[in-house]
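All ligand and atom numbering here is 1-based and tracks the order in the structure. If you're wondering where the values come from, they're calculated on a predicted model, not measured in any experiment. Excluded from the calculations below are hydrogen atoms, water molecules and symmetry mates; all remaining heavy atoms, backbone and side chain alike, are included.
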Amino acid sequence: MTDVPKTHPRYLSLTLRDTIVAGVEQGITSVHGLIAHGRGEAFDYLIGEATQPFAIEAIHAAAAMLRLAEHPVISVNGNVAALAPDALIELGQVLSAPLEVNIFHTETGREQRIQEHLLHHGAPDVLMPTTEAQLSYIDSNRKFVHPEGIFKADVVFVPLEDGDRCEALRKMGKEVVTVDLNPLSRTAQQASITIVDNVVRALPLLCEEIREFNNLTAENTVTRYSNEAVLKKALEHISRCGNG
Ligand code: ATP
Ligand code: MG
């Protein structure tokens, strides 16, 4: 880790950079993941590096959708594994949902290293991609899934998702809950619920919300939720930033 003083105005952002760089050094995060992280940073800057009301609204709906799911699954890529392994594991526990490794760039052994990393952080079990079960509508490596995991899921939680797979999952009739700082990405636009926030801030809030879940109002929360309206609020927030 670099020696960033705690008083530095960009302390948290720089610490996260260190974490993602460490992920690359450990062979968990792809080097391409650094570029995705940089894009996320730019949008985080624009939303004020804080959880905004449009994210809270999405977290509320996401908690309800995930709790109402029959077979929720948490998809893990190299960025989120490096940034928030403990929160991912906690989410799996509060939902009784499996974690499944699913990555785009498959450098040798990276999937296994992500699995080991999560097990080391205390995950009870981590599902891996298989050739037995494959997603339709997608050609990349991300089509290989686990038959008891993403393949069977009715709701998939996929933070920092790639647009292609989000589209494929939706076409297969699955609901997708994502965390994506860019309200304009294809993922953000196509997911059932998009939490426009940094995954490191959003995950603990989502876990807390799921713990306080109220079954009586959940169906209503999901039915009333409009992802389009939430994304519009995020974009309006961003455009207001420049106007003081
Ligand atoms: P899409 O494929 O959905 O159109 P993209 O190609 O622009 O998006 P990808 O590299 O596929 O981007 O996915 C990375 C996404 O994750 C980006 O939209 C980026 O803003 C977002 N992102 C990166 N880091 C974080 C983070 N820490 N928290 C939340 N979102 C993040
Ligand atoms: Mg993409």
Side-chain angles (χ1 to χ4, degrees), residues 10-24 28-52 54-59 62 74-88 91 101-107 110 114 135 137-143 156-171 174-207 227-228 230-231 233-235 237-238 241:
R10 310 214 52 72
Y11 175 76
L12 277 178
S13 171
L14 293 173
T15 310
L16 276 191
R17 257 191 207 185
D18 279 348
T19 310
I20 204 88
V21 168
V24 175
I28 293 166
T29 309
S30 161
V31 72
H32 302 89
L34 296 176
I35 300 168
H37 185 80
R39 197 193 309 256
E41 271 187 354
F43 280 98
D44 208 4
Y45 207 108
L46 291 171
I47 68 162
E49 292 177 329
T51 304
Q52 301 295 346
F54 47 79
I56 299 283
E57 190 179 338
I59 287 171
I74 301 160
S75 178
V76 181
N77 72 5
N79 280 48
V80 75
L83 291 174
D86 298 327
L88 279 176
L91 183 65
V101 176
N102 187 279
I103 62 178
F104 187 78
H105 299 281
T106 50
E107 299 90 337
R110 193 157 70 87
I114 294 174
L135 298 179
Y137 314 107
I138 187 159
D139 295 323
S140 76
N141 177 69
R142 300 194 78 175
K143 71 179 171 202
V156 195
F157 178 71
V158 221
L160 281 57
E161 171 60 322
D162 183 53
D164 292 8
R165 196 169 65 118
C166 180
E167 194 175 353
L169 291 168
R170 296 289 282 138
K171 276 195 193 157
K174 299 177 192 296
E175 302 285 0
V176 174
V177 176
T178 193
V179 183
D180 192 330
L181 279 159
N182 176 5
L184 292 168
S185 76
R186 285 171 311 148
T187 303
Q189 302 277 334
Q190 281 169 17
S192 320
I193 299 178
T194 305
I195 302 166
V196 181
D197 197 10
N198 199 310
V199 75
V200 299
R201 291 191 301 266
L203 270 176
L205 296 174
L206 181 62
C207 289
N227 208 42
E228 212 185 324
V230 161
L231 292 176
K233 286 179 199 170
L235 286 170
H237 173 90
I238 289 174
C241 284

* Asked: Which bit of D197 gets closer than 4.0 Å to ligand 1, counting heavy atoms only: side chain, backbone, both or neither?
  ->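 Looking at D197 and ligand 1, just backbone atoms fall under 4.0 Å.
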* If you look at every heavy atom in I103 and V76, which pair is closest and at what distance? -> CG2-O, 4.2 Å
* To do: Can you see which heavy atom on A62 is nearest to which on L206, and at what distance?
  =>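 Minimum heavy-atom contact is CB-CD1, 3.9 Å.
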* The single option from V179, L12, D44 passing side chain to side chain contact (heavy atoms under 4.5 Å, CB included) against R201 ->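 Running side chain to side chain contact (heavy atoms under 4.5 Å, CB included) over V179, L12, D44 with R201 returns exactly one hit, D44.
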* To do: Tell me which protein heavy atom sits closest to atom 14 (C) of ligand 1, plus the residue, atom name and distance to 0.1 Å.
  => A36 CB, 3.9 Å
Between [X] and ligand 1, is there a nitrogen or oxygen pair with a distance under 3.5 Å?
X: H37; result: no
X: V199; result: yes
X: G163; result: yes
X: L181; result: yes

* Check whether more than 12 heavy atoms from other residues, nucleotides or ligands sit under 6.0 Å from atom CZ of R17, and answer yes or no. => no
* Ignoring hydrogens and geometry, is there a side-chain-to-backbone donor-acceptor pair from E57 to V230 under 3.5 Å? ->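 Judged by distance alone, no pair lies under 3.5 Å.
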* What atom name does the N, O or S atom of D162 nearest to the Mg ion (ligand 2) carry? -> OD1
* Would S75 and R165 count as having a side-chain donor-acceptor pair, cut-off 3.5 Å? -> yes
* Asked: Between the side chains of T194 and D180, is a donor N or O closer than 3.5 angstrom to an acceptor N or O?
  -> no
* Atoms in ligand 1 with a heavy atom of T187 nearer than 4.0 Å ->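 It comes down to these atoms of ligand 1: 1 (P), 3 (O).
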* **Residue-ligand contact E161/ligand 1, heavy atom below 4.0 Å** => yes
